[in-house]
Structure formats: structure tokens, C-alpha cells
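The sequence lines fix the lettering, A, B, ..., with proteins before strands; numbering per chain opens at 1.
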There are 2 protein chains.
Amino acid sequence: MSESARNVVGSGDPKAGSLSGEDRIVALMELLFFAYRDFISDPDAMLEEIGFGRAHHRIIHFIGRHPGLRVSELLGILRITKQSLGRVLRELIDRGYVYQKAGERDRRQRLLFLTEKGRSLHRRLAAPQIARVAQALEAAGPDADDTFARALLNMTDAAERERIRRLTGWEDGGGNG
Amino acid sequence: MSESARNVVGSGDPKAGSLSGEDRIVALMELLFFAYRDFISDPDAMLEEIGFGRAHHRIIHFIGRHPGLRVSELLGILRITKQSLGRVLRELIDRGYVYQKAGERDRRQRLLFLTEKGRSLHRRLAAPQIARVAQALEAAGPDADDTFARALLNMTDAAERERIRRLTGWEDGGGNG
DNA sequence: GGATTTATGTCAGTCATATTGACATATTTT
DNA sequence: AAAATATGTCAATATGACTGACATAAATCC
């Protein structure tokens with residue numbers, strides 16, 4: 001059962017290609033690595049020009065997608081400490097991409113929003129990624145997006161799935177199997 | 001066309017859920033982020049205990065999957081500099097997880113292999129990830145693995161796809177659209 | 001066979017992003 | 001009033017990346 005002794009064979013499996021069983025899964029894991037690597041390469045290049053990094057991108061993205069996000073929610077999403085978030089968020093605020101507003105019901109909260117400058121950057125960063133994913137799903141066949149989303153969601157920690165489903169707004173299109 | 005003005009509507013799209021168009025793609029991008037985040041969380045925890053990081057994992061993985069890998073190939077796969085690889089690879093060699101052997105045809109090459117200790121770690125790190133992906137694909141429906149693989153492969157830079165296809169051993173199962 | 005290129009390694013310095021721990025402040029809840 | 005909560009900040013440290021420079025051995029070119 002080690003991942004070296006079942007290559008190329010297929011052992012009667014009617015599935016695609018020459019891989020079967022665990023090797024098939026391992027190949028998918030590598031594809032996930034490469035896909036993610038290239039997925040972040042476009043914004044990475046843009047960010048470098050303005051002296052930002054991936055951390056800035058993630059923050060810009062989630063604030064842009066979820067205006068009024070609380071700091072504690074953002075910490076939970078990114079799974080980093082407040083000290084790590086602090087420095088990057090400070091830069092984004094100081095350079096005019098993000099602003100904060102005290103919560104109305106709870107004035108301890110600092111709700112996060114993008115400025116117009118922030119929204120503009122958000123759009124520029126997202127554009128190549130949206131194009132990349134859209135093209136990939138079209139090329140993957142009809143309803144690939146549903147299958148892709150289900151696979152990704154089921155790959156997250158079970159305890160988090162409901163929260164992620166709500167956050168992303170994803171609803172299953174039925175048609176499972 | 002900005003990603004704020006088309007939520008929840010659906011606009012007659014027969015597709016699943018309440019999202020349509022660009023918002024749908026953006027939701028998928030977030031799912032990709034969360035899936036990847038959780039996908040690496042299991043090995044991350046194990047690595048921490050022995051004083052290794054993600055960089056060590058990636059190296060262990062690719063050497064384990066492709067024994068005899070050349071240093072230059074590994075650099076290309078990971079897209080890092082030789083200086084970055086150097087320190088981490090040195091640790092793996094010094095602590096007995098990896099060994100090198102000069103190439104027979106070209107004795108400048110240092111072919112990379114896992115020791116038994118390295119293979120053992122490789123297996124332990126991979127196990128939870130294999131389980132996670134296998135479960136996710138089963139839950140995503142029949143043939144989800146083909147669709148998933150096609151989507152991921154098409155998400156990589158086009159110039160690299162053939163190389164990645166060969167490296168992972170993935171072959172398309174036909175049945176596209 | 002000497003010059004050049006290639007594959008790899010290494011030293012030194014820097015940067016981005018993460019960590020832990022401690023402490024501060026404002027506000028809400030008990 | 002006391003305690004808990006949401007957030008911010010200071011300081012020290014670790015990891016993993018970078019650039020640039022230089023070194024060595026082996027292969028290849030002319």
C-alpha cells in the first residue's frame with residue numbers, strides 16, 4: 001500500500017488514464033499544488049510593484065468581498081495572529097487602501113472597508129485570477145464548477161464547512177451522485 | 001461588471017445556487033483558498049513537532065514521488081532559488097532524511113533520494129492529505145476526480161501544462177464536454 | 001586541450017510574514 | 001464596580017524567500 005508499488009498498472013480499473021488508487025489521489029494533490037502556485041502568480045507580480053505582498057492581497061480580497069468585516073472575523077479567516085495582521089493592516093490603512101469604522105451596535109469593533117483606491121486595486125488583482133478560473137472551468141466541461149466547488153468545500157475541515165459556505169455564499173446545485 | 005452589483009439575483013441562470021457570473025467564480029476562488037489552507041494544515045502540525053516547515057515538506061514530497069530527481073528539476077518545480085533550496089535541503093540531508101548520489105551519465109548532477117527515515121516521514125505526512133482528498137472527491141460525486149483534475153490542470157500556466165502532466169503522470173480520462 | 005558552459009554549492013545580507021508573550025485601551029456585559 | 005471582550009501595540013524571534021557574488025567539478029565546444 002505504499003505509494004510506490006502501484007504505478008502505471010491500472011489493474012482493471014475502468015477509470016481514466018494509467019493511474020489508480022492512491023497514486024491517482026497523489027497526482028491530484030500535486031495538481032492542486034501547481035494550480036495554487038500559478039493561481040497566485042499573477043497578483044503576486046502586480047503586488048511586488050507597489051511594495052505589497054500576499055498578505056496584503058488576502059486582506060484586500062476579504063475586505064473587498066465582505067465590506068464591514070470585523071477584525072476578529074478576518075483573523076479567523078486568515079488563521080493568523082492579530083500581531084501578524086496588525087502590521088499589514090496598518091500599512092493598508094496608512095497608504096489609503098482600507099479604512100475602519102466603529103461598529104454601531106458595538107463600538108469596540110473596528111469594521112473594515114476598502115477605499116475607492118482599495119476597490120480599484122482589488123479589481124485589478126482579481127481580474128487575472130477570475131479569468132484564469134473561468135477559463136479553467138469552461139475547459140473542464142459543463143457543470144465543472146459545481147463539482148469543483150463540492151470537492152473544494154469537502155476538502156475543508158468539516159467543522160468549518162458551514163461557516164465557509166455562508167461566507168462564500170456558495171449553495172450546492174444539487175446533482176451530486 | 002464590478003463584483004458588487006450582481007449578487008443573489010441569478011438573472012434566470014439555470015445554474016445552481018444563488019450566485020451567477022463573476023460572483024460564482026469569486027466564490028470558487030475563496031473555496032480554493034480555504035481548501036488549500038486546510039489541505040496543508042495536517043502536515044503543518046506534524047512538521048512543527050520535528051522542527052521542519054512547509055519547505056521541507058514540499059522537498060520531501062517531490063523527492064519521494066520522483067526518486068532520483070535532479071536539483072535543477074526540483075528548483076523548477078518549486079520555483080525558488082537555489083539559495084532558498086540550499087538551506088532546507090542541507091537540513092534534510094544533515095538530519096538523515098535525504099541523500100544525494102552523483103548522476104552516472106553526468107557526474108555533476110546530484111540526484112536526490114529519500115532515506116528510509118525520509119520515506120517514513122513522507123508517508124506519515126501524506127496520509128492525512130490523501131484521506132482528505134479521497135473523501136472530498138467521493139463526496140463530490142462520481143467522476144469528480146476527472147473534472148477536478150482537468151480544472152486544476154487548466155488553471156496552471158499553459159506553457160507549463162505539458163510538463164506538469166508528465167510530472168504528475170496524469171492522463172485525461174476523456175469525457176470532457 | 002584549453003576555453004566555456006553547466007550543475008551545483010555556499011557566503012553574506014536583506015525582506016516579508018509569521019510566531020509568542022506582555023501589556024494598553026475602550027467598551028460591553030455581568 | 002468588576003470582568004470579559006475587541007482591538008492595538010511593543011519587542012523578540014523564526015522561517016522561508018530574495019539578490020549578488022563567488023567556488024568547484026564535470027561536460028562540452030572549437
Determine the interplanar angle of the A:F39 and A:Y36 rings, folded into 0 to 90°, and report it as parallel if under 30°, tilted if 30 to 60°, perpendicular if over 60°. tilted
Ring-face cation contact, B:F148 with A:R150, 6.0 Å cut, 45° max: no
Does anything in residues 86-108 of chain B come within less than 4.0 Å of DNA chain D? Heavy atoms only, and list the residues if so. B:R87, B:R105, B:D106, B:R107, B:R108
Counting only side-chain heavy atoms from C-beta out, which of C:dC23, C:dA18, C:dT10 sits nearest to B:Q83? C:dT10
What is the distance, rounded to the nearest whole Å, between atom CG of A:L78 and atom P of C:dA16? 19 Å
Within less than 4.0 Å of OP1 or OP2 of D:dT7, is there a side-chain N or O belonging to A:S72? yes
Side-chain N or O of B:S84 closer than 4.0 Å to phosphate OP1/OP2 of D:dC18: yes
Under 4.0 angstrom between A:T81 side-chain N/O and C:dA18 OP1 or OP2: no
Respond yes when some side-chain nitrogen or oxygen of B:H56 is under 4.0 Å from OP1 or OP2 of D:dG16, and no when none is. yes
Could you tell me how far apart A:R110 (CZ) and D:dT7 (P) are, to the nearest whole angstrom? 8 Å
From the candidates D:dG8, D:dA17, C:dG9, the one with an atom nearest any side-chain atom of B:V71 is C:dG9
Length of the CG-P vector between B:D44 and C:dA18, whole Å: 13 Å
Which of these, B:E116, B:K117, B:R124, sits in a side-chain hydrogen bond (donor to acceptor under 3.5 Å, both in side chains) with B:S120? B:R124
Between atom CG in A:L85 and atom C1' in C:dA18, what is the gap in whole Å? 12 Å
Between the side chain of B:E160 and the main-chain N/O of B:D157, is any donor-acceptor distance below 3.5 Å? no
Stepwise salt bridge (charged side-chain N to carboxylate O under 4.0 Å, His left out) check, B:D44 with A:R79: CA-CA 13 Å; B:D44 267 10; A:R79 286 219 191 133; over 6 Å; no
Closest non-hydrogen atom pair between A:R161 and A:N154, with its separation: NH2-O, 3.0 Å
